[in-house]
Amino acid sequence: MAPPLAAPRFHAALPRGLLLRPRKPLPTWRRAARPDDQDLYVDDDIGDGFSFSGGKYAEAEGPSKSDEWFAQGRMVKAHALYGNKEKAKDPFFGLTMGSGSQSSGDVFNWFCVEAGSSSNPTVLLIHGFPSQAYSYRNVLPVLSDKYRSIAFDWLGFGFSDKPQPKYGFDYTLDEYTSALESLIDAVAPDKLSIVVQGYFAPIVVKYAKEHQDKLNHLILVNPPITDKHAKLPSTLACFSNFLLGEVFSQDPLRASDKALTSSGPYMMKEEDATVYRRPYLVSGASGFALNAITRAMGKDLKAYIESMRSILASDSWNTKTTICWGLRDRWLTYDGVEDFCDGLKHNVLQLPMAGHHAQEDRGEELGNILKRILRV
């Protein structure tokens with residue numbers, strides 16, 4: 001693994017001393033899931049928004065979780081830029097954008113974190129929308145004794161490049177499919193297994209269709225797979241609104257905290273929340289990318305889901321496939337998932353206590369489930 005890069009420090013320019021509403025009594029199952037310590041949490045009690053039950057918004061002095069996470073990873077170059085590499089301009093005022101919105105060179109930089117020996121079988125862990133590789137932080141160590149596990153940030157997310165749309169990458173689903181092929185060629189040229197969560201699953205299945213010879217196993221975690229799943233939840237769809245979407249996508253609390261905590265029974269430590277907010281606090285590039293991919297999802301997701309269903313049901317599909325489902329998903333209903341898989345060779349496993357981002361809700365549990373699946 002290449003030596004880690006130095007992570008820039010940042011401090012969120014947000015208030016520290018807000019008056020917060022009293023903490024409501026938690027249901028028994030949520031109290032049981034709560035750690036013994038008294039760390040501060042982002043706690044979504046109502047399911048359609050977020051609230052703060054802790055009192056800090058900015059990082060404390062000293063090393064942050066973002067810095068520590070960045071230090072564990074490395075940058076991998078994959079997928080060439082298109083176009084003439086002009087400097088990205090603000091879409092409204094035509095002003096030159098900052099470095100975060102510019103393409104870094106001829107080939108994109110992807111942030112990757114790897115655990116386990118390179119001599120072990122490779123497992124690629126792919127985060128959903130809108131999340132980061134950080135979501136697999138509790139899965140990586142569980143797999144590391146038996147597998148070489150790699151998690152990465154998609155372009156536009158986390159620490160990976162986030163060029164302004166129309167200046168090297170437009171965040172379309174077709175582009176993501178092509179980009180994924182380039183990244184896999186760079187980090188896992190030989191056979192591998194893939195785990196993908198959420199709305200990026202149709203992209204991965206489209207890639208997998210053309211590369212079944214490379215795959216040992218494909219594991220889909222809460223993928224959009226039925227007709228009802230083709231419409232983005234309002235928490236995400238708001239980012240595609242004309243003009244208003246640009247405003248919403250620049251709000252780090254709406255773009256990170258609300259998007260994560262509204263999707264399931266997720267309790268997030270404040271120190272973890274700072275990692276997800278960081279890209280939106282240091283640059284507007286993350287917001288513009290979020291806006292672009294949401295519009296692309298709204299336009300092409302239905303066709304991609306139909307294609308995924310067709311591929312998985314095809315007689316030519318020979319890859320071992322498992323669907324893991326967090327039953328507390330507030331975005332995607334479980335209705336119809338078993339009906340689709342009935343008669344096919346795909347396994348379906350339920351995670352009763354997990355929501356849409358199962359690796360966040362029950363990371364260690366998911367890691368152990370993945371190990372059992374991959375041993376078959």
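Note that this is a predicted model, so its numbers are computed, not measured. Worth knowing before you read on, the calculation uses all heavy atoms, side chains too, and leaves out hydrogens, waters and symmetry mates.
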| message | Under 4.0 Å between a side-chain nitrogen and a carboxylate oxygen: does that hold for E364 and K371? | response | no

| Can a donor-acceptor pair be found between the side chains of Y304 and D174 at a distance below 3.5 Å? | yes

| query | Do Q197 and Q359 have side-chain heavy atoms sitting under 4.5 Å apart? | reply | yes

| message | I need the single residue from F239, Y280, F288 that forms a side-chain contact (heavy atoms from CB on, under 4.5 Å) with Q250. Which is it? | response | F288

| said: Can you see whether Y334 engages E338 through a side-chain donor-acceptor pair at a distance of less than 3.5 angstrom? | reply: yes

| request: Measure the acute angle between the ring planes of F200 and Y176, then classify it against the limits of 30° and 60° as parallel, tilted or perpendicular. | output: perpendicular

| Verdict with supporting geometry, F169 and Y171, ring-ring contact (aromatic ring centres under 6.0 Å, His included) | CA-CA 6 Å; F169 196 78; Y171 302 95; 5.0 Å; yes

| request: For the pair R137 and D272, find out whether any cationic side-chain nitrogen is under 4.0 Å from an anionic carboxylate oxygen. | output: yes

| task | Measure from the side-chain N and O atoms of T321 to the backbone N and O of T319, and report whether any donor-acceptor pair falls under 3.5 Å. | result | yes

| message | One pair to check against ring-ring contact (aromatic ring centres under 6.0 Å, His included): H357 and W331. What are the steps and the verdict? | response | CA-CA 10 Å; H357 295 91; W331 286 354; 5.8 Å; yes

| task | Using the six-membered ring wherever Trp is involved, compare the ring planes of W110 and F152 and label them parallel, tilted or perpendicular (cut-offs 30° and 60°). | result | perpendicular

| Please walk me through it: do F111 and F70 pass ring-ring contact (aromatic ring centres under 6.0 Å, His included)? | CA-CA 8 Å; F111 178 70; F70 187 89; 5.5 Å; yes

| So, E175 and S178: side-chain donor and acceptor under 3.5 Å apart, yes or no? | no

| Check: H211/E181 side-chain N/O donor and acceptor closer than 3.5 Å | yes

| query | Side-chain heavy atoms under 4.5 angstrom apart, residues restricted to Ile, Leu, Val, Met, Phe, Trp, Tyr: same cluster for L344 and I305? | reply | yes

| query | Side chains of K77 and N109: donor-acceptor distance under 3.5 Å anywhere? | reply | yes

| task | For T177 and Y207, indicate whether the former's side chain and the latter's backbone hold a donor-acceptor pair under 3.5 Å. | result | no

